[in-house]
Visitor: 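One structure follows; several queries about it will come next.
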Amino acid sequence: MKTIRVYDINLSPETQPADTEIGRDYRRVTTILYTLSARGADAKYLNLHKDSLIFMESPAVQQIMRTSGMDGFPCMTADEEIIITGRYPSNEEILEQLDADMLNLLANPAASFAGSGCNGVCSSCHSSCGVPTPGQQA
């Protein structure tokens, strides 16, 4: 299975209002990556402010910095291969980089959050971020 990383330089995307493009995309991407990770995928969201050492150690990030500078972020890599630069990936673009069986892992994403304090009932946040709620298709 591939290692998926989404690198972001926005210093505080979690504070962006949910009705802004950055806020919506940040929440959607972090939710799907968290869901996939909870289901066994090696998928992570990394932020320059919180994960600066990982940014410095990544050959892909260094290449983006040399070629595109800050305009290359956010970006997505799969096994350190640059897949997307300059925007957040769509859910489909993330899933495309994973084995086809990962689609089944999203069939009931609320179960991934059962230990997160929401008791597995996350339909309200999933409806706004684009991750399917139980009974919806990915």
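Quick caveat, the model's predicted, so the values are computed rather than measured.
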Visitor: Does Arg5 pair with Asp42 as a salt bridge, N-O distance under 4.0 Å?
Guide: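 Looking at Asp42 together with Arg5, the answer is yes, because their closest N to O distance falls below 4.0 Å.
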Visitor: So how far is it from Asn91 CG to Ile32 CD1, rounded to the nearest 0.5 Å?
Guide: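 Reported value, rounded in 0.5 Å steps: 3.5 Å.
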Visitor: To the nearest 0.5 Å, what is the distance between NZ on Lys44 and OG1 on Thr77?
Guide: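 Lys44 NZ to Thr77 OG1: 11.5 Å, rounded to 0.5 Å.
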Visitor: Is there a continuous path of hydrophobic side-chain contacts, each under 4.5 Å between heavy atoms, that joins Ile82 to Leu95?
Guide: no
Visitor: Going by the side chain to side chain contact (heavy atoms under 4.5 Å, CB included) test, name the single residue among Met65, His49, Met70 that passes it with Ile9.
Guide: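 Per the side chain to side chain contact (heavy atoms under 4.5 Å, CB included) rule, the option paired with Ile9 is Met70, out of Met65, His49, Met70.
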Visitor: Counting distance only, does the side-chain N/O of Glu93 pair as donor-acceptor with the main-chain N or O of Ser90 below 3.5 Å?
Guide: yes
Visitor: If I take atom NZ from residue Lys50 and atom OG from residue Ser52, how far apart are they, to the nearest 0.5 angstrom?
Guide: 12.5 Å
Visitor: Using side chain to side chain contact (heavy atoms under 4.5 Å, CB included) as the criterion, list what pairs up with Met56, not counting sequence neighbours.
Guide: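 Expected list: Leu53.
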Visitor: Check for me, please, whether Val6 and Leu48 land in the same ILVMFWY cluster - side-chain distances under 4.5 Å, paths through other members count.
Guide: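 Hydrophobic grouping puts Val6 apart from Leu48.
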Visitor: Locate the shortest heavy-atom distance separating Asn10 from Asn47; write the atom from each residue and the value.
Guide: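 Between these two residues, the closest heavy atoms are O-ND2, 2.5 Å.
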Visitor: Just wondering, do Pro89 and Ile83 contact through their side chains at under 4.5 Å, heavy atoms?
Guide: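 No, their side chains stay 4.5 Å or more apart.
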Visitor: Can a side-chain donor-acceptor contact be found between Thr3 and Glu80 if the only test is distance below 3.5 angstrom?
Guide: no
Visitor: Any donor-acceptor pair under 3.5 Å linking the side chain of Ser58 with the backbone of Val61?
Guide: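 Yes; at least one donor-acceptor contact below 3.5 Å.
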Visitor: Do Gln97 and Met76 have side chains that get closer than 4.5 Å, going by heavy atoms?
Guide: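 Result yes, sub-4.5 Å side-chain heavy-atom pair found.
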Visitor: What is the minimum heavy-atom distance between Ser37 and Ala43, and which atoms define it?
Guide: CB-O, 3.6 Å
Visitor: Please identify which of these residues, Tyr88, Tyr26, Tyr34, meets the ring-ring contact (aromatic ring centres under 6.0 Å, His included) condition with Tyr45.
Guide: Tyr26
Visitor: Backbone N or O of Arg27 within a donor-acceptor pair of the Thr31 side chain at under 3.5 Å?
Guide: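 Yes, the answer is positive, given that a donor and an acceptor are paired below the 3.5 Å cut-off.
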Visitor: Taking the side chain as every heavy atom from C-beta outward, state whether Leu98 and Ile4 have any atom pair closer than 4.5 Å.
Guide: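 Of all side-chain heavy-atom pairs linking Ile4 with Leu98, at least one is under 4.5 Å.
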Visitor: Between Asp8 (side chain) and Phe73 (backbone), is there a donor-acceptor pair under 3.5 Å?
Guide: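 No: the side chain of Asp8 does not pair with the backbone of Phe73.
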Visitor: Looking at the rings of Phe55 and Tyr7, which for Trp means the six-membered one, are their centres under 6.0 Å apart?
Guide: yes
Visitor: Are Cys75 and Ile84 packed together at the side-chain level, in the sense that at least one heavy-atom pair is separated by less than 4.5 angstrom?
Guide: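 No, their side chains stay 4.5 Å or more apart.
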Visitor: More than 12 non-hydrogen atoms from neighbouring residues, nucleotides or ligands closer than 6.0 Å to CD on Glu81, yes or no?
Guide: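 It does not: Glu81 CD has 12 such atoms or fewer within range.
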